[in-house]
Amino acid sequence: MRLLHIALLAGLFWAMPLPAQQLTWGVVPLPGAFNVRDGELVDGVLYEAMQLLEAKLPELQMRYEVLPMARIEQRMLDHDPFCSSGLLQSEERDRLGYFVPHVASTPMHLLIRRQSLDQLLIENGQVSLDWLLGNPYLRGALAKTRVYPADIRERLQQAQARGQLPIMGGSLAGENLLLMVSHRRLDYVFEYPVIYTEVLRHFTLSEPLVNVPLKESAELVPVGIYCPRTAWGADMARRIDQAVRQLSGEPQALLDLYQRWLPAEVYAHYRPAFLRFLQQRAQQPALPFD
């Protein structure tokens with residue numbers, strides 16, 4: 001009888017569901033991507049994309065920490081069991097963690113006051129970054145906390161080294177530079193349309209700004225996830241990569257997100273590219289993490 005009782009208890013133990021593994025995400029507050037109110041995440045296109053990804057990882061219990069970028073990078077350097085979302089890939093970050101492409105962003109655009117448009121040389125609806133950086137009469141700046149897309153990063157760094165584009169601090173995401181353009185303290189900055197749209201919703205601008213595409217930055221920008229360069233990080237990156245590919249194989253949910261958060265004309269222009277990105281990501285073989 002005692003053996004039967006033990007067997008029954010053992011059976012009940014094995015039948016009990018195992019507690020979900022907790023995964024902590026570090027995110028930088030970024031208007032339109034990760035919107036934060038009173039220290040808590042509330043919405044945003046990347047936050048909602050994370051909810052879709054979470055549904056593909058039901059065995060993980062996810063929590064979020066809102067942190068500055070320097071703190072996220074330090075935690076990766078410290079090999080904390082912790083992943084971060086909403087980041088661009090860079091060589092510096094690749095030394096700290098494993099990168100998993102998640103979604104795609106529109107390219108960065110030039111943001112300039114509408115009244116200043118006639119000072120630009122616009123061809124085929126685009127302005128050349130090289131032409132812009134060669135114009136001594138227009139003043140721009142870079143945000144201290146931002147990593148700029150790879151296709152324009154080197155040009156911007158060179159311009160900064162020459163003293164043409166000062167680096168400015170302020171808000172965590174650098175959205176204060178948009179306000180500086182509106183208030184005529186700068187002539188232009190580089191930003192994503194979704195961020196400007198969100199800033200426009202919550203701030204009063206002295207003068208409206210206009211998105212102008214850059215000739216040198218026409219391709220979508222992969223935005224993704226970093227996990228630390230540890231055995232734990234490699235295992236988590238593999239699981240996340242599989243979930244991302246599954247999610248990309250059902251593209252309509254992500255396309256709906258883009259449509260809700262982007263200006264209508266921007267979404268219409270980039271929708272075919274978004275769809276191609278998701279189809280290619282779904283068919284991509286598992287990424288190696290070692």
Assess the side chains of [X] and [Y]: does a donor N or O sit below 3.5 Å from an acceptor N or O?
X      : Y      : value
Glu216 : Ser128 : yes
Glu265 : His269 : no
Glu59  : Gln21  : no

Main-chain N/O of [Y] paired with [X] side-chain donor or acceptor, under 3.5 Å:
X      : Y      : value
Glu198 : Ala33  : no
Asn135 : Tyr137 : yes
Gln242 : Arg238 : no
Ser248 : Gln279 : no

Sub-4.5 Å side-chain heavy-atom contact between [X] and [Y]:
X      : Y      : answer
Leu177 : Leu142 : no
Val36  : Val42  : no
Val147 : Arg93  : yes
Leu67  : Arg75  : yes
Ile72  : Val27  : no
Leu110 : Val210 : no
Glu250 : Lys56  : yes
Tyr148 : Met108 : yes

Scan residues 218-230 for pairs that pass side chain to side chain donor-acceptor pair (under 3.5 Å), counting only residues two or more places apart or in two chains.
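Sorted pair list: Asp94-Tyr226.
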
Identify whether the distance between the nearest side-chain nitrogen and carboxylate oxygen of Glu207 and Arg184 falls below 4.0 Å.
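Looking at Glu207 and Arg184, the cut-off is met.
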
Do the charged groups of Glu73 and Arg95 touch, with an N to O distance under 4.0 Å?
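No, no charged N to carboxylate O under 4.0 Å.
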
Are the aromatic ring centres of Tyr64 and Phe34 under 6.0 angstrom apart?
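Centroid separation for Tyr64 and Phe34: 6.0 Å or greater.
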
Is the distance between the ring centroids of Tyr188 and Phe190 under 6.0 Å?
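Yes, the ring centres sit under 6.0 Å apart.
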
Between atom [atom1] of [X] and atom [atom2] of [Y], what is the distance when rounded to the nearest 0.5 Å?
X      : Y      : atom1 : atom2 : result
Leu262 : Ser105 : CG    : OG    : 8.0 Å
Leu278 : Leu220 : CG    : CG    : 9.0 Å
Arg71  : Ser84  : CZ    : OG    : 12.5 Å
Leu186 : Arg139 : CG    : CZ    : 6.0 Å
Asn35  : Leu46  : CG    : CG    : 10.0 Å
Ile195 : Leu200 : CD1   : CG    : 13.5 Å

Please test Gln115 against Arg113 for side chain to side chain donor-acceptor pair (under 3.5 Å), starting from the C-alpha separation and ending with a verdict.
CA-CA 5 Å; Gln115 293 88 337; Arg113 292 183 299 276; 5.4 Å; no

Please test Val194 against Thr106 for side-chain contact (heavy atoms from CB on, under 4.5 Å), starting from the C-alpha separation and ending with a verdict.
CA-CA 9 Å; Val194 67; Thr106 62; over 6 Å; no

Do you know which two heavy atoms are closest between [X] and [Y], and how far apart they sit?
X      : Y      : value
Asn176 : Gly169 : ND2-O, 3.0 Å
Cys83  : Ile225 : CB-CG2, 4.3 Å
Leu287 : Pro101 : CD1-CD, 3.6 Å
Val103 : Ala49  : CG1-CB, 4.2 Å
Trp232 : Pro81  : CH2-C, 3.4 Å
Ala237 : Cys227 : N-SG, 4.3 Å

Check the hydrophobic clustering (I, L, V, M, F, W, Y; side-chain heavy atoms under 4.5 Å; chains of links allowed) and say if Leu214 and Leu121 are grouped together.
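Yes; tracing contacts between hydrophobic side chains, which count when under 4.5 Å, links both residues.
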
Checking Arg146 against Glu191 for the salt bridge (charged side-chain N to carboxylate O under 4.0 Å, His left out) test, could you report, in this order, the C-alpha distance in whole Å, the side-chain angles of both residues, the deciding distance, and whether it holds?
CA-CA 10 Å; Arg146 300 288 288 279; Glu191 194 51 274; 2.8 Å; yes

Would you find more than 12 non-hydrogen atoms of other residues, nucleotides or ligands less than 6.0 Å from [X] atom [atom1]?
X      : atom1 : value
Asp290 : CG    : no
Glu154 : CD    : no
Asp118 : CG    : yes
Glu40  : CD    : no

Could you please spell out the steps behind the side-chain contact (heavy atoms from CB on, under 4.5 Å) verdict for Leu23 and Leu57?
CA-CA 10 Å; Leu23 174 57; Leu57 293 163; 5.6 Å; no

Stepwise side-chain contact (heavy atoms from CB on, under 4.5 Å) check, Trp261 with Glu48:
CA-CA 10 Å; Trp261 285 97; Glu48 293 181 22; 3.4 Å; yes

From the options Arg281, Gln246, Gln284, select the one residue that forms a side chain to side chain donor-acceptor pair (under 3.5 Å) with Asp241.
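Going through the options one by one, the only one that passes is Arg281.
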
Report the C-alpha distance between Leu111 and Val181 in whole Å, list the side-chain angles of each, state the deciding distance to 0.1 Å, and finish with yes or no for side-chain contact (heavy atoms from CB on, under 4.5 Å).
CA-CA 8 Å; Leu111 269 293; Val181 175; 5.9 Å; no

Working note: Asp256 + Arg260, criterion salt bridge (charged side-chain N to carboxylate O under 4.0 Å, His left out); need CA distance, chi angles, decisive distance, verdict.
CA-CA 6 Å; Asp256 289 344; Arg260 286 203 304 274; 5.6 Å; no

Among all residues two or more places apart in sequence or in another chain, which pass the salt bridge (charged side-chain N to carboxylate O under 4.0 Å, His left out) test with Arg153?
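Arg153 satisfies salt bridge (charged side-chain N to carboxylate O under 4.0 Å, His left out) with no other residue.
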
Applying side chain to side chain donor-acceptor pair (under 3.5 Å), name anything that partners Arg63, two or more places apart in sequence or on another chain.
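Result, side chain to side chain donor-acceptor pair (under 3.5 Å) vs Arg63: Thr24, Glu65.
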
Run the ring pair (Phe, Tyr, Trp, His ring centres under 6.0 Å) check on Tyr267 and Tyr258 step by step: do they pass?
CA-CA 7 Å; Tyr267 173 73; Tyr258 289 128; 7.3 Å; no

